[in-house]
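Before any comments, here is the structure.
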Amino acid sequence: MTGTDHPALSSRPAAADPHPVALPKFVHDHSHAFFEVPIRIVVVIVVTLVIRALIHRVINRAVRPVAGGGVPRILRPFRERIQTSSLFESSGLLSERRAQRANTIGSVLKSGVSFVMFVIAFMLIVSTLGFDLAPFIAGTSVVGVALGFGAQNIVKDFLSGMFMMMEDQYGVGDVIDFQLASGTVEAVGLRSTRLRDVNGTVWYVRNGEVLRVGNKSQGYATVVLDVPIDAWADVGVASEAMREVAVAMRGEDAWEHVFLSEPEVQGVESLTRYETVIRLVARVRPLEQWRTARELRRRIRDRLDELDIGHPAPDGGTELHVSRVDPDAGPPAPGTPPGPAGPPTPH
């Protein structure tokens, strides 16, 4: 008998066979957990990140400023309430306003896209792992309700800021009036608005607390001048002088682009025994009403002084207009009728 035919020698290789056969069988039986589940999870994560990156790139391109200072693409579906004015154009506030509004809306869109994509990916991964989603959804609902009650003011601020941005109620550079604060808007966010008043005080206002807001920078502005004159002055002469001054100012090159309509003297606004108030109105571009009113007041005052039209006295009485008498003329001739009675002297 040869060595190769010995029973003991021929049975040794057969004793080592169960070990290499058992491992492939174990892997085959658990291939779903070892291969299919990880691959599905990786595919879900990769696809989620790719789709998110593509959508973010589209949003960034829509937010990017257009060459030449045009409206960004993301703002074109929305209405822009602001009107161009010399102040916005010279200071660059218009482009800054558009850029900040576009960036805020783009940030909201990107955050929303990221949240939706990650939630979908998380639910797909949990489902792939074999967990039941019903208890998870019920638990998240309870947590969501608790967070809603605890953070309702924050949610209110963000929702108000989002709708305010979309509707373009106000923006950087606008002069607005809240109930307790007014001034020029310096920054607009989803949660709060920062503005500075004429005294230099910075105000931070939560968007959710804004019940009403007055915007003095949209459409047009109206200059309203109430000019008081002496109660004994000629109203017709004074009104015509005010109108001529306003019309002449509107015809100047430096002010022609400011006025949007012909200045109009509406007449006597109020009347007392001491003064008569005449009202003049003019429609001008937004944010131009204050400097226009100051210049009109100065010119009207100079013109009324030239016409010797008196102004009310500061103490509520009337200024006395004493006629100039030539000292060399001597006393009046006998029988000369007295001049017209002047206004009563206050005591």
For the residue pair V188 and V172, what are the closest heavy atoms and their distance?
CG2-N, 4.4 Å
Does a donor on one side chain sit under 3.5 Å from an acceptor on the other, for T193 and N207?
yes
State, to 0.1 Å, how close S217 and L287 come at their nearest heavy-atom pair, and which atoms those are.
OG-CD2, 3.1 Å
Examine M164 and W203 and state if one hydrophobic cluster contains both, with Ile, Leu, Val, Met, Phe, Trp and Tyr joined whenever side-chain heavy atoms are less than 4.5 Å apart.
yes
Scan side-chain atoms only and decide if R52 and S114 contain a donor-acceptor pair under the 3.5 Å cut-off.
yes
Does the side chain of M249 reach to within under 4.5 Å of the side chain of T292, using non-hydrogen atoms?
yes
Kindly give the heavy-atom pair with the smallest separation between D226 and R279, and that separation in Å.
OD1-NE, 2.7 Å
Start with the C-alpha gap between V227 and M242, add the side-chain angles, then the distance that decides, and say whether side chain to side chain contact (heavy atoms under 4.5 Å, CB included) holds.
CA-CA 9 Å; V227 180; M242 293 169 56; 3.6 Å; yes
Test applied, side chain to side chain contact (heavy atoms under 4.5 Å, CB included); reference residue, L124; option that passes from V44, V47, L129:
V44
Pair K216-I176, side chain to side chain contact (heavy atoms under 4.5 Å, CB included): steps then yes or no:
CA-CA 6 Å; K216 301 179 181 180; I176 61 176; over 6 Å; no
Who are the side-chain contact (heavy atoms from CB on, under 4.5 Å) partners of E306, not counting sequence neighbours?
R303
Quick check: are there more than 12 heavy atoms from other residues, nucleotides or ligands sitting under 6.0 Å from CZ of R61?
no
